[in-house]
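Here the structure is laid out as structure tokens; the discussion comes afterwards.
The model shown is predicted, which means the values in this text are computed figures rather than measured ones. Below, read A as the first sequence line, B as the second, and so on, with proteins coming before strands; counting in each chain starts at 1.
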Amino acid sequence: MSQAKRYTITAALPYANGPVHIGHLAGAYIPADVFARYQRLRKREVLFVCGSDEHGAAITIRAKKEGISPQQIIDKYHSLIENSFSQFGISFDIYHRTSAELHHQTSQEFFKTLHEKGVFVERESEQFFDEPHQQFLADRYITGTCPKCGHDAAYGDQCEKCGTSLSPTELINPKSTLSGEVPVLKKTKHWYLPMDQYQEWLKWWIVNEQRDSLKANVYGQCRSWLEQGLQERAMTRDLDWGVKVPLPNAEGKVLYVWLDAPIGYISATKAWALKHDKRWEDYWQKPDTELVHFIGKDNIVFHCIIFPIILKAHGKYILPKNVPANEFLNLEGNKISTSRNWAVWLHEYMQDFAGKNDVLRYVLLSIAPETKDSEFTWKDFQTRNNSELVATLGNFVNRTVVLTNKYFEGFVPPAGEFTNLENQVLSALSLQKQKIEQLIEHYKFRDALYELMEIARIGNKYLADTEPWKLFKQDPELVKTILNVALQISANLAILMQPFLPETAQKLAKMLNITGLLEWENAGKTALLKNPHQIGKEELLFSKIEDTEIEAQIAKLNASKKTNEAAHLVETAQNATLKPAKNTVTFDQFAGMDIRIATIKAAQKVPKTQKLLQITLDTGLDERTVVSGIAEFFEPESLVGKQVCFLANLAPRAIKGINSQGMILMAESPSGELHLLAPQTILPSGSVVG
RNA sequence: GGCGAGAUAGCUCAGCUGGUUAGAGCGCAGCACUCAUAAUGCUGAGGUCCGGGGUUCGAGUCCCCGUCUCGCUACCA
């Protein structure tokens with residue numbers, strides 16, 4: 001494999017409606033930063049870009065709720081996120097934002113190119129429209145009753161109570177959140193990307209070119225999508241917040257996130273290039289550039305399917321070399337959730353643990369969800385700090401520096417003859433260096449960090465084996481050799497820890513007085529510190545974290561958990577309130593419903609479904625089949641012989657290929673459970689309800 | 001229901017294309033040491049490798065069936 005000329009490294013654009021938390025860091029930003037720092041140390045040309053994703057309906061809705069403008073929302077979070085990253089030391093070359101003029105131009109140009117090449121399919125469809133406000137409604141602008149769980153404040157794209165993803169037309173009693181009125185369906189035109197046309201090519205690319213480099217979780221997910229078959233997707237939306245569609249007669253239309261956010265990587269590159277007088281094309285269009293996207297698993301489709309298709313459709317761009325997506329990080333047994341405030345926020349961490357950025361980097365790297373979901377607990381955080389960073393790494397350096405200062409006034413003693421032991425220990429340095437390089441280049445940051453710590457373990461063992469504090473009185477010459485070796489190990493640590501623990505590396509380099517020797521090529525060398533060199537005073541690299549600090553963090557989490565539960569109770573209570581009365585109907589309208597009592601003769605699960613039962617009813621008049629979405633609440637066998645209320649003259653409808661002739665009526669509890677309605681005494685089938 | 005990823009020591013996780021007594025870190029127990037933030041080193045205990053079949057001279061590793069967890073997806077009047 002030939003060495004790339006330059007690396008374009010991207011980290012997922014954080015959405016500017018909330019702060020950054022440890023899940024984001026562990027999933028994308030810290031691995032990306034380690035990779036970027038490492039490649040820079042290898043003297044490779046690196047461009048590490050990121051920025052805030054500031055468009056989309058979620059931001060406008062939030063703005064509306066808080067009574068401020070979308071601009072105010074994104075300004076607030078953009079600067080909060082940008083400052084957090086910079087204070088934490090994520091070494092972006094540029095942190096841009098998608099509200100920037102340059103980004104709007106860039107994505108519009110991109111859209112225009114695709115449009116001119118005839119890539120898009122224009123298609124009219126019916127979308128909900130708010131008449132009082134005279135605008136089309138984004139999915140999230142519509143609320144209504146969830147058809148699945150009955151939650152009456154479900155959004156048009158998702159019910160937040162049961163998690164089902166929805167389309168707005170599925171909602172029962174849809175309502176516009178703008179005007180509160182019932183929206184009407186109205187025709188609108190959009191530009192679709194016919195992804196199905198790229199299916200074959202994409203499959204070829206993934207199977208042939210990406211098979212070996214993609215991680216199992218990423219490759220599997222991609223194949224899963226390809227198996228299901230790609231479908232055309234709208235690349236534009238009716239919304240007034242975002243990048244305008246650069247065509248005539250496209251008022252009120254913006255580019256959808258697929259053509260907005262990922263282009264943000266490109267516009268960030270342009271912004272950086274302008275400032276540094278470089279050619280942005282080198283980073284996106286030259287085949288000797290390696291493009292690597294660091295993301296979380298929620299973004300796999302985006303970066304492995306849709307973005308490559310868009311880049312390919314454009315024609316001039318290189319495709320990503322790798323997409324090292326991580327799984328999810330859980331927190332104290334629960335999923336991290338921004339909306340439920342179950343998270344450790346970066347900006348709060350930096351306040352509570354000032355000067356301990358590297359501790360968080362270390363812990364999150366050691367538990368990075370590289371192959372499966374993993375778990376952050378404060379207890380584990382404390383243990384890793386106290387027994388790994390303090391006791392193993394910090395302590396080794398401290399022993400070495402203290403002994404050198406004590407015995408030799410801080411002057412690096414000259415090494416004498418090496419025994420097997422010294423040779424072994426010193427050769428381990430270059431071995432560890434190679435291992436770390438290999439592992440980082442294969443995106444195995446957790447293992448790479450382990451190999452770094454291994455050096456400190458080797459150092460501790462070396463001191464324990466040689467016991468210089470015992471030897472000093474009888475044989476100070478030997479002690480000179482020993483401490484010389486221990487100092488070489490420390491110097492190597494300072495160099496090799498740079499990608500992982502940049503602040504500590506600086507601190508250690510200062511202590512050893514070797515800030516000029518930190519080049520990566522120097523790692524593995526065994527005579528970095530030469531005789532007349534004097535090191536500085538000992539200073540602790542890490543400090544212990546006490547139980548009280550951990551308890552405070554856990555208490556903080558529990559407090560937010562309580563707040564959540566309280567909020568949840570309120571929500572349930574609101575849901576428990578009766579639904580508003582429906583509009584008046586005439587007697588004739590009511591009389592049009594043919595509601596009857598029927599007896600269930602047979603019931604069975606509809607194959608390949610989770611909720612559907614196929615039920616045979618004796619209606620008195622005939623025997624008929626009804627398909628009902630109640631399988632979650634009833635065992636089929638238990639239904640046989642039961643009487644039910646049913647709507648006999650509902651227009652038949654084919655469900656899963658079965659003709660459903662009618663609808664069984666159910667009573668629904670506020671929590672969404674379904675219950676049968678039956679007469680209190682057995683009645684003949686066909687008895688009329690009315 | 002379909003698809004994908006997981007299920008390995010108390011905890012967090014490694015185990016590549018199948019090969020001798022299954023590994024690491026942390027935790028735990030004992031011993032040694034005292035230069036060091038009671039830190040370090042050594043030794044040890046601890047595992048039906050989710051369950052059940054099968055292929056093989058040999059399977060944690062391959063095949064089939066099932067259970068559970070996470071994710072994506074379908075159905076939902």
Salt bridge check: are A/Lys297 and A/Glu327 linked by an N-O gap of less than 4.0 Å? yes
Just to confirm, is there a sub-4.0 Å distance from OP1 or OP2 of B/U73 to any side-chain nitrogen or oxygen of A/Ser224? no
Measure from the side-chain heavy atoms of A/Gln221 and tell me the nearest of B/C72, B/C33, B/C13. B/C72
Which nucleotide, B/A5, B/A77, B/G41, lies nearest any side-chain atom of A/Met663? B/A77
Salt bridge between A/Glu454 and A/Arg457, side-chain N to carboxylate O under 4.0 Å? yes
Under the criterion side-chain contact (heavy atoms from CB on, under 4.5 Å), I'd like the reasoning laid out for A/Ser366 against A/Arg384: C-alpha separation, chi angles, the key distance, then a yes or no. CA-CA 9 Å; A/Ser366 7; A/Arg384 286 184 193 274; 3.7 Å; yes
Quote, to the nearest angstrom, the P distance that separates B/C49 from B/A38. 42 Å
Using a 4.0 Å heavy-atom cut-off, does A/Lys379 contact any base of the nucleic acid, only the sugar-phosphate backbone, or nothing at all? nothing
Testing B/U12, B/U37, B/C33 for proximity to the side chain of A/Leu540, the answer is B/U37
Between A/His21 and A/His24, how do the two ring planes meet: parallel, tilted or perpendicular, split at 30° and 60°? parallel
So what does A/Ser366 touch, heavy atoms closer than 4.0 Å: a base, only the sugar-phosphate, or nothing? nothing
Give me the distance, rounded to whole Å, that separates B/G30 from B/G46 when you measure between the C1' atoms they each carry. 15 Å
Relative to each other, are the rings of A/Phe472 and A/Phe408 parallel, tilted or perpendicular (30° and 60° limits)? perpendicular
What residues from residues 388-404 of chain A pass a heavy-atom cutoff of under 4.0 Å to RNA chain B? A/Glu388, A/Val390, A/Ala391, A/Asn395, A/Asn398, A/Arg399, A/Val402, A/Leu403
Where the side chain of A/Trp469 is concerned, which of B/G4, B/C33, B/C26 is the nearest nucleotide? B/C33
Hey, does A/Leu541 reach any base, or is it just sugar-phosphate, or nothing, if we go heavy atoms under 4.0 Å? base
Closest to the 5' end of RNA chain B, once A/Ala368 and A/Ala456 are matched to their nearest nucleotides, is A/Ala368
Closest to the A/Lys444 side chain, choosing from B/G15, B/C26, B/G41: B/G15
Dot-bracket, RNA chain B: Watson-Crick or G-U, under 3.5 angstrom, [ ] crossing, | other strand? (((((((..((((.....[...)))).(((((.......))))).....(((((..]....))))))))))))....
Taking the same atom, P, in B/A59 and in B/G19, what whole-Å distance lies between them? 11 Å
A/Glu441, CD: over 12 other non-hydrogen atoms inside 6.0 angstrom: yes
For B/A39, does OP1 or OP2 lie under 4.0 Å from any side-chain N or O of A/Lys544? yes
In whole Å, measure the gap between the P atoms of B/A29 and B/U21 for me. 32 Å
Kindly point out which of B/G15, B/C13, B/C33 is positioned nearest to the side chain of A/Lys372? B/C13
Name the nucleic acid region contacted by A/Phe542, choosing base, sugar-phosphate or nothing; use a 4.0 angstrom heavy-atom cut-off, strictly under. base
Using side-chain contact (heavy atoms from CB on, under 4.5 Å), reason through A/Phe396 and A/Leu541 one step at a time and then give a plain yes or no. CA-CA 10 Å; A/Phe396 165 68; A/Leu541 290 181; over 6 Å; no
Atom C1', compared across B/U12 and B/C16: separation rounded to whole Å: 22 Å
Could you tell me how far B/C57 sits from B/G18 if I compare only their C1' atoms? Round to whole Å. 13 Å
Whole angstrom is fine here: how far is it from NZ in A/Lys435 over to C1' in B/A24? 12 Å
Of A/Asp373 and A/Tyr219, whose closest RNA chain B nucleotide lies nearer the 5' terminus? A/Tyr219
Non-hydrogen side-chain atoms of A/Val344 and A/Leu360 separated by less than 4.5 Å: no
Report yes if the side chains of A/Phe376 and A/Val363 come closer than 4.5 Å at any heavy-atom pair, otherwise no. yes
Under a 4.0 Å N-O cut-off, is there an ion pair linking A/Lys433 with A/Glu437? yes
